[in-house]
Amino acid sequence: MGVESVRIFNTVTGQKEPLAPLVPGQLGVYVCGPTVYSYVHIGNARTFTSFDVVVRYLRYRGFQVRYVRNYTDVDDKIINAAKETGESALELAARFVREFEADAKALRLLAPDVSPKVSETIPEIIALVEQLVAKGVAYESQGDVYFQVSRWPEYAKLSKRNLEELRAGERVAPGEQKREPLDFALWKAAKPGEPSWDSPWGKGRPGWHIECSAMAAKHVGKTIDLHGGGRDLIFPHHENELAQSEAGNGCRFCNVWMHGGFLDLDGAKMSKSLGNVVRLRDALGKVDAEALRYFFLSTHYRSPLAFGDKSLADAEGRMEYFYETLRKVDEKLAASKAGEGPVDGDPRRSLTEFEAALDDDFNVPGGLGVLSGLFAELNELADGKSKVKDKAVAARTMAALRGVVSTLSPALGLFEESPTAWLERRRDRLVKDRGLDRAAIDALLAERAAARTAKQWAESDRLRDALKALGAEVKDTPAGQQWRVVG
RNA sequence: GGCGCCAUAGCCAAGUGGUAAGGCAAGGGUCUGCAAAACCCUCAUUCCCCGGUUCGAAUCCGGGUGGCGCCUCCA
């Protein structure tokens with residue numbers, strides 16, 4: 001188990017570092033999850049997919065990973081959204097948790113070991129705030145509690161900000177009772193109609209950052225191995241989380257901070273405030289979920305990724321190629337009895353190359369490059385074009401390479417479905433989306449099969465054209481006709 | 001203004017000191033009754049520009065130019 005070979009880029013140091021678990025063989029991972037006031041957009045989805053693969057790969061590498069991804073279900077935006085729908089804030093949040101879970105399942109995101117909610121972590125949050133007050137780094141002010149940044153010298157070590165500069169630009173929002181502009185709220189006094197809980201400072205609710213500190217400590221530990229989120233969380237969210245946790249718990253909060261790149265639309269970061277947002281739910285209605293996943297994975301997680309119809313179409317075409325190959329291979333394998341014996345070359349070589357890529361800060365695009373060679377080889381073998389002449393050797397080699405694909409699948413969350421099921425589901429979706437006449441297609445297919453049996457090539461070609469006019473492209477294989485939606 | 005990221009072929013995208021992965025598109029070929037699919041071949045003497053370090057740089061350093069992000073809610 002070459003686990004010591006995994007290297008990860010750490011935002012704090014700005015470098016790739018060898019992964020050094022707190023407890024050998026185990027890892028505690030905390031990923032900042034969604035604030036559930038609406039449907040998530042595909043930018044959020046990209047980040048969650050990136051960390052999904054991080055967790056998958058680390059498990060693939062043999063680590064016992066404790067994976068926690070929270071729901072922020074108490075927040076200003078939720079309160080505001082609830083005012084519009086007439087639901088209570090917690091009801092609205094609960095509804096969007098369910099919506100998120102449906103989307104996450106479609107995208108094949110692993111279910112975290114724990115998905116804590118702020119509303120279920122209030123006692124721990126209060127305890128942490130009390131601790132910060134007791135240590136003199138936080139103070140109460142008219143029912144609010146603030147973290148006093150000037151009392152924590154290490155502040156800004158993650159985002160590497162200049163405190164003087166920050167102060168110059170900082171403003172105090174109306175109604176806030178801060179001693180200094182940079183101070184941020186740990187606890188907010190309740191306003192009428194807002195969700196609130198009893199606390200030593202009266203009724204109130206947590207500030208934005210404290211919940212993650214409390215949930216991470218409660219469900220992962222006071223010191224965690226890996227913390228993930230989008231780049232935009234570096235400041236202020238993670239900076240504040242870091243300060244609170246370390247000031248409160250008196251120990252290091254997190255060893256490796258990982259941050260994912262943005263999804264861009266029309267050259268700008270996709271964000272709700274800019275309005276250039278595509279909901280994951282809507283994208284999932286237009287493109288195959290696994291193809292969307294593949295699209296996310298086609299660029300390194302720290303790099304920006306441009307969203308576009310062409311990229312999505314390319315990704316879906318690629319998925320079709322992968323699954324067509326696997327279908328063909330599986331059919332051949334089912335029909336052949338390879339038995340025991342030698343194989344050609346070293347099928348595990350691609351596995352080693354794949355791992356080398358992923359070990360290097362989760363270089364998934366590099367790993368996908370390795371897969372290309374693997375699939376080409378699989379196609380050669382399945383089509384009988386391989387240089388391997390001995391049929392038994394070829395069959396065993398094909399089985400071994402197919403085994404490699406199966407081995408890597410869980411690390412990426414790709415190619416896990418039955419090829420026939422994937423291909424049929426996609427075709428059905430396309431037939432439906434384009435309003436194709438399935439009955440007419442099937443009828444022509446039957447006619448054409450008869451014509452082909454009779455070797456009536458002209459008629460066969462005519463029917464092929466007729467099918468194409470209906471939107472179906474037919475191909476002839478040793479196993480008979482196969483067709484796909486074209487265009 | 002402060003902090004940070006990025007710039008690789010028509011497009012997408014790896015590579016971060018040893019002589020440019022992979023995908024899409026394009027052209028040629030094999031296969032096929034003809035197709036489709038698949039496979040094979042071709043496709044960047046060169047990595048935004050200018051200097052520097054080095055035996056050697058897309059990779060390191062300095063300076064430009066261009067794009068983006070955070071600094072206010074944001075994955």
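Lettering follows sequence order; numbering is per chain, from 1. These values consider heavy atoms only, across backbone and side chains, with no hydrogens, waters or symmetry-generated copies.
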Can you confirm whether Pro34(A) sits close enough to Asn44(A) that some side-chain heavy atom of one is under 4.5 Å from a side-chain heavy atom of the other?
no
Distance check: side-chain N/O of [X] vs OP1/OP2 of [N], anything under 4.0 Å?
X: Ser159(A); N: C3(B); value: no
X: Asn379(A); N: C39(B); value: yes
X: Tyr321(A); N: C39(B); value: yes
X: Lys269(A); N: C70(B); value: yes
X: Arg161(A); N: C70(B); value: no

Tell me the partner of [N], counting only Watson-Crick (N1-N3 plus N6-O4 or O6-N4) or G-U wobble (N1-O2 and O6-N3) with both under 3.5 Å; none if nothing fits.
N: U46(B); result: none
N: A37(B); result: none
N: C3(B); result: G69(B)
N: A9(B); result: none
N: A58(B); result: none
N: U53(B); result: none

Please classify the nucleic acid contact of His259(A) as base, sugar-phosphate, or nothing, using heavy-atom distances under 4.0 Å.
nothing
Just call it for Ser460(A): base, sugar-phosphate, or nothing, with non-hydrogen atoms closer than 4.0 Å on any strand.
base
Given RNA chain B, 5'-ward residue of the pair Arg452(A) and Asp360(A), judged by closest heavy atom
Asp360(A)
Ring center gap for Phe253(A) and His227(A) short of 6.0 angstrom:
yes
Residue Asp476(A), side-chain atoms from C-beta onward, closest of C40(B), C34(B), A14(B)
C34(B)
Of the listed A75(B), C40(B), G33(B), the closest approach to the Ala376(A) side chain comes from C40(B)
Check against side-chain contact (heavy atoms from CB on, under 4.5 Å), Glu101(A) and Val97(A):
CA-CA 6 Å; Glu101(A) 284 177 349; Val97(A) 165; 3.9 Å; yes
For the residue pair His238(A) and His259(A), does the interplanar ring angle fall in the parallel (under 30°), tilted (30 to 60°) or perpendicular (over 60°) class?
tilted
Could you walk me through whether Asn70(A) and Tyr30(A) pass side-chain hydrogen bond (donor to acceptor under 3.5 Å, both in side chains), step by step?
CA-CA 8 Å; Asn70(A) 73 288; Tyr30(A) 185 90; 3.1 Å; yes
